[in-house]
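Worth knowing before you read on, the calculation uses all heavy atoms, side chains too, and leaves out hydrogens, waters and symmetry mates.
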Amino acid sequence: MSRSFNVVQYGIGPIGQSCLKTILSKSDHINLVGVIDIDPAKVGKDVAEILGLDAPVGVVVSADAEAVLSETKPDVVVHTTSSFLSRMYDQLILCARHGASVISSTEELSYPYDRHPGIAEEIDRVAKENGVTILGTGVNPGYAMDALALMATGVCNEVRSIKINREVDAGLRRLPLQQKVGAGISEAEFAEKKATGMFGHIGLVESVRMVADGLGWNIDRIEEHLDPVISKKEVVTPFLTVHEGDVAGIHHHAYGYDGDELLLTLDLKMFVGAEDPRDAVLVDGDPPMDLVVRGGIFGDTATVATLVNGIPQAFDAAPGLKTVKDVPLVRAFGTR
């Protein structure tokens with residue numbers, strides 16, 4: 001049965017613009033009714049001008065979120081504004097109060113209960129009061145290092161431990177991601193950025209918590225480490241140059257323990273020039289599972305897909321704050 005949804009895109013940076021293109025390509029199933037962004041260079045322009053399309057779309061970018069939500073009354077808002085929940089959760093609250101469910105790429109929203117318990121409680125309360133769903137997702141967190149691992153355990157009678165490895169060639173990704181992992185900076189600059197606590201990949205601890213919660217495991221201690229990957233050669237990307245001896249990116253790993261027992265190992269390498277990109281899940285179980293995605297899951301495209309494909313899940317889920325473990329598995333939507 002064909003379904004269609006009225007959708008607002010909230011935030012049109014690189015990922016938001018890619019979401020717009022995908023939404024427009026699925027016009028039989030998704031009706032774009034509004035676009036919100038605060039960038040003065042984009043406000044007041046037709047979406048077509050932002051995306052470089054030939055024909056006008058008929059939807060103009062607005063900085064007035066309240067007005068857009070009131071006038072368009074969307075079923076779902078696709079939200080791509082910030083990695084950090086404390087900076088933008090008021091945007092989610094606003095959408096919920098206007099009766100719109102939200103699917104968001106905010107990494108800290110993927111499993112916010114430990115890092116931001118108070119905010120998570122407020123979002124859940126407001127969503128339930130207004131009969132809508134707030135869902136955080138993406139490729140990582142949201143799929144590669146959590147949902148995929150949980151799915152892998154579905155054929156296991158017993159699971160003793162899980163190791164998840166992800167290696168990404170950041171040189172193939174968008175400029176903001178290359179900057180996020182510190183490509184091209186010095187080790188001293190890396191140390192300064194690391195000290196802020198807002199640098200590198202956001203969401204690894206959230207993935208640990210989500211997998212553990214999904215399996216009913218107790219995790220009483222998480223060890224997290226963030227180290228630079230130093231380039232052994234010069235690497236040129238379309239956006240920047242990493243010289244030999246510069247930081248090429250990050251090696252970020254987290255370990256989840258129950259007492260002294262190591263249950264979860266998440267190992268993420270994201271750097272310019274990675275030669276063996278891949279996503280791998282190794283389940284020590286009965287039977288064991290050894291999954292490898294050769295070449296890795298291309299994050300920019302996959303993030304957009306998880307958001308757009310998740311529109312039906314966000315709309316259909318019971319009201320409240322949800323994670324990807326709480327809703328049906330994401331699947332391709334509107335491809336034919």
Closest non-hydrogen atom pair between [X] and [Y], with its separation:
X      : Y      : answer
Arg166 : Ala144 : NH1-CB, 3.7 Å
Thr306 : Val139 : OG1-N, 4.0 Å
Gly249 : Phe190 : O-CE1, 4.0 Å
Val7   : Ile30  : CG2-CG2, 3.6 Å
Cys19  : Thr80  : SG-CG2, 4.4 Å

(request) Answer with yes or no whether the side chains of Ser82 and Glu108 bring together a donor and an acceptor at under 3.5 Å. (result) no

(request) May I ask you to check whether His253 and Thr265 show a side-chain donor-acceptor distance below 3.5 Å? (result)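 Result is no, nothing qualifies.
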
(request) Go through the structure and list residues passing side chain to side chain donor-acceptor pair (under 3.5 Å) with Arg209, not counting sequence neighbours. (result) none

Are there over 12 heavy-atom neighbours, none belonging to [X], within less than 6.0 Å of that residue's [atom1]?
X      : atom1 : result
Ile38  : CD1   : no
Arg331 : CZ    : yes
Lys325 : NZ    : yes
Tyr143 : OH    : no

(request) May I ask you to test the Ile23-Phe5 pair for a side-chain heavy-atom distance under 4.5 Å? (result)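 No. Closest side-chain heavy atoms not under 4.5 Å.
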
(message) Main chain of Val272, side chain of Asp169: is a donor-acceptor contact present, judged purely on distance under 3.5 Å?
(response) no

How would you list all residue pairs meeting salt bridge (Lys or Arg N to Asp or Glu O under 4.0 Å) that involve [range], not counting sequence neighbours?
range            : answer
residues 62-84   : none
residues 84-100  : none
residues 129-150 : Arg125-Glu129

(message) Under a 4.0 Å threshold between the charged nitrogen and the carboxylate oxygen, would Arg115 count as salt-bridged to Glu224?
(response) no

(request) In plain terms, say whether Lys233 and Glu275 are close enough for a salt bridge, that is, a side-chain N and a carboxylate O under 4.0 Å apart. (result)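 Here Lys233 pairs with Glu275 in a salt bridge, since their nearest N and O are under 4.0 Å apart.
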
Could you state whether [X] and [Y] fall into the same hydrophobic cluster, counting links through intermediate Ile, Leu, Val, Met, Phe, Trp or Tyr residues with side-chain heavy atoms under 4.5 angstrom apart?
X      : Y      : value
Ile250 : Val242 : no
Met210 : Leu268 : no
Phe199 : Val229 : no
Tyr113 : Leu266 : no
Ile162 : Ile297 : yes

(request) Enter the distance from Asp284:CG to Leu263:CG here, rounded to the nearest 0.5 Å. (result)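 One gets 10.5 Å once the value is rounded to the nearest 0.5 Å.
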
(message) If the test is side chain to side chain contact (heavy atoms under 4.5 Å, CB included), which one of Ile123, Ile119, Val102 qualifies with Leu321?
(response) Ile123

(message) Assess the residue pair Cys156 and Val283 against the criterion (side-chain contact (heavy atoms from CB on, under 4.5 Å)); give the C-alpha distance rounded to whole Å, side-chain angles, the decisive distance to 0.1 Å, and a yes or no.
(response) CA-CA 9 Å; Cys156 299; Val283 179; 4.0 Å; yes

(request) Take Val281 and Met289 through the test side-chain contact (heavy atoms from CB on, under 4.5 Å) and record every step on the way to the result. (result) CA-CA 8 Å; Val281 175; Met289 290 292 288; over 6 Å; no

(request) List in chain and number order the residues that pass side chain to side chain contact (heavy atoms under 4.5 Å, CB included) with Val43, two or more places apart in sequence or in another chain; answer none if no residue qualifies. (result)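 Scan of Val43 (side chain to side chain contact (heavy atoms under 4.5 Å, CB included), adjacent residues dropped) gives Ala63.
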
(request) Please list, chain by chain and in numerical order, all residues satisfying side chain to side chain contact (heavy atoms under 4.5 Å, CB included) with Asp290, sequence neighbours excluded. (result)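 Residues passing side chain to side chain contact (heavy atoms under 4.5 Å, CB included) with Asp290: Leu282, Val292.
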
(request) Please lay out, stage by stage, how Thr137 and Val327 fare under the test side-chain contact (heavy atoms from CB on, under 4.5 Å). (result) CA-CA 11 Å; Thr137 190; Val327 300; over 6 Å; no

(request) Please report the C-alpha distance between His201 and Asn140 in whole Å, then the side-chain angles of each, then the deciding distance to 0.1 Å, and finally whether the side-chain contact (heavy atoms from CB on, under 4.5 Å) criterion is met. (result) CA-CA 9 Å; His201 172 68; Asn140 186 33; 3.4 Å; yes

